[in-house]
Amino acid sequence: MCAQSNTTAPVKAAFFDIDGTLTSFNTHSVPDSTVTALGDLKAKGVKIFICTGRAPSQLHAAQRMIPVDFDGYITLNGQYCYDVSGFKDELTLDKEDIGLFIDYLKNHPTLVSSFAEVDYTYFNQDNKTLRDAWSVLGKSAPDVQVDTVQRALEHPTYQMSPFIHIEQEQEIVSKLPHTKGVRWHRAFTDLIPAEGGKSRGIRCFIDHLGLEAKETIAFGDGGNDADMLAFAGIGVAMGGATPNAKASADYITTEVDDDGILNALRHFHVL
C-alpha cells in the first residue's frame, strides 16, 4: 500500500525496528543517512524509540552501530518496554504454555529454541541450524548461551523462539492457548503472549507520554512488524520488507541501503 504525503498530524514519536530496518542484512551496518536522520529527529523534538524482537540483553551489538540516544525501548516484540527515566511495562508468557512447549522440545530433540528473559537469553542447544541463521545477522548478532530449559519455568520469560518452518509453527501454536507466533526471519518464529506485539509496546509509550497514535510513525520490515505498522499513524515498510509487513503499511520506502528511512521521513515532511 502506498499513502500520500500526510502533513495534517505532526509526528511526535518515531519507532524503529532494528534488523532489516535500522541495520542492513547486506552490510550488517547502519547507513550514514539513517544515523543522520535519527539525530535530526531528536533535534526537531521528535522522540525516537527502538522497537525490536530482541531482548534488552541482546541490544548491545546493535547499539554500538547506532551512536544516538533513544528515548525508550520496546523489546521482546512489545513485551518489555522501558526508558531511562524508570518507566517500565511488561508482559510475560503463560507458565502453562511454557511447560507445554518444553514438552514439545523433549519430543523433538533436534529442535533448537531460544528463551528470553530481560537480562539473559539462552538456547536449549547449539547446532548448525542456529549458526547458519545467526550468520545472517553478522556483527549485530548477539552471543549464544546454552542453558537448561527448565529455567523458563522458574524465571520470568517473555519470548521463546524455535527454529521451525511455518507449518510446524502452526502446529506448535495450536497447542499453546495463550501464545501466538510472529515471524521476521524464515528460519525461526518468536512465540509471545497472545495479547502481545509491537503495537502493544507503542500503545504503552504513547499512553505514558500522553500522545495519540496519529502522532506516530513506525518503520519495519518483518512479519513481527505488521501490527505496529498498521497501528501507527504512519506505517512505513522498508523496500525489502516481507509481504505481510508491506500489506500492513501506509507507505513502502526504498531499501535500507538506499536511504529508506531518510527518504520516507522526507516524503512525509517529518524532516
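Keep in mind that this is a model prediction, so the values were computed, not measured.
More than 12 non-hydrogen atoms from other residues, nucleotides or ligands lie less than 6.0 angstrom from CG of L153. By the 6.0 Å contact criterion, CG on D32 is open, its count of non-hydrogen atoms from other residues, nucleotides or ligands being 12 or less. Other residues, nucleotides and ligands place more than 12 heavy atoms under 6.0 Å from the NZ atom of K95.
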query = When you look at D221 and T21, which way does the side-chain hydrogen bond (donor to acceptor under 3.5 Å, both in side chains) test go after all the steps?
reply = CA-CA 6 Å; D221 72 300; T21 301; 3.1 Å; yes

request  = Report the C-alpha distance between N124 and S113 in whole Å, list the side-chain angles of each, state the deciding distance to 0.1 Å, and finish with yes or no for side-chain hydrogen bond (donor to acceptor under 3.5 Å, both in side chains).
outcome  = CA-CA 6 Å; N124 64 321; S113 179; 5.5 Å; no

inquiry  = Quick one, Y120 with D147, criterion side-chain hydrogen bond (donor to acceptor under 3.5 Å, both in side chains). Give me CA distance, side-chain angles, the key distance, then yes/no.
reply    = CA-CA 10 Å; Y120 183 49; D147 210 327; 2.8 Å; yes

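Ring geometry for Y251 against H267 counts as parallel: the plane angle stays under 30°, on a 0 to 90° scale with 60° as the upper cut. Taking the six-membered ring where tryptophan is involved, the planes of Y82 and Y73 are essentially parallel, since the angle between them stays under 30° and well short of 60°.
Classification of R200 and D227 as a salt-bridged pair fails, no side-chain N sitting under 4.0 Å from a carboxylate O. A salt bridge is defined here as a Lys NZ or Arg NE, NH1 or NH2 lying under 4.0 Å from an Asp or Glu carboxylate O, and K180 with E195 fails to meet this definition. For K175 and D97, the salt-bridge test fails: no basic side-chain N is under 4.0 Å from an acidic carboxylate O. Salt bridge D19/R54: present, at least one basic N to carboxylate O contact under 4.0 Å.
Between P193 and L91, the shortest heavy-atom distance links the atoms CB-CD2, 3.7 Å. Taking all atoms of both residues into account, the shortest heavy-atom contact from D71 to K47 is OD2-CA, 3.2 Å. Summarising the geometry of L100 relative to P177, their closest heavy-atom pair is CD1-CD, 4.4 Å, with the distance given to 0.1 Å.
There is no side-chain donor-acceptor pair under 3.5 Å between Y158 and E117. Side-chain polar atoms of D257 and S24 form a donor-acceptor pair below 3.5 angstrom. Using modelled atom types, one finds a donor on one side chain and an acceptor on the other under 3.5 Å when comparing T254 with N263.
Side-chain atoms of S174 come within 3.5 Å of backbone N or O of E171 as a donor-acceptor pair. Side-chain N or O atoms of K42 include one that pairs as donor or acceptor with a backbone N or O of D69 at under 3.5 Å. Checking side-chain atoms of K246 against main-chain N and O of G239 turns up a donor-acceptor pair under 3.5 Å. Counting only distance, with no hydrogens or angles, the side chain of Q125 and the backbone of P109 share a donor-acceptor pair below 3.5 Å.
Applying the side-chain contact (heavy atoms from CB on, under 4.5 Å) test between F219 and each of V256, T34, L265, D225 identifies L265 as the sole match.
With hydrophobic clusters built from ILVMFWY side chains whose heavy atoms lie under 4.5 angstrom apart, L262 shares a cluster with V35. In the hydrophobic clustering of ILVMFWY residues, with side-chain heavy atoms under 4.5 Å counting as a link, M65 and L41 come out together. There is no path of hydrophobic side-chain contacts, each under 4.5 Å, that joins F87 to I50. Hydrophobic clustering keeps I74 apart from I217 (ILVMFWY residues linked when any side-chain heavy atoms are closer than 4.5 Å, directly or through intermediates).
For Q168, the side chain to side chain donor-acceptor pair (under 3.5 Å) partners at least two apart in sequence or on another chain are Y104.
Relative to the ring axis of F231, R203 places its NZ or CZ within 45° and under 6.0 Å from the centre.
With rounding to the nearest 0.5 angstrom, the CZ atom of R183 is 5.0 Å from the OG1 atom of T189. The OG atom of S199 lies 10.0 Å from the CE atom of M228; values are rounded to the nearest 0.5 Å. In this structure, NZ on K88 lies 4.5 Å from OH on Y80, to the nearest 0.5 angstrom. One distance of note links CG of L209 with OG1 of T216; it measures 11.5 Å at 0.5 Å rounding.
Pairs of residues two or more places apart, or lying in two chains, that qualify as ring pair (Phe, Tyr, Trp, His ring centres under 6.0 Å) and include a residue from residues 48-67 are F15-F49, F49-F205.
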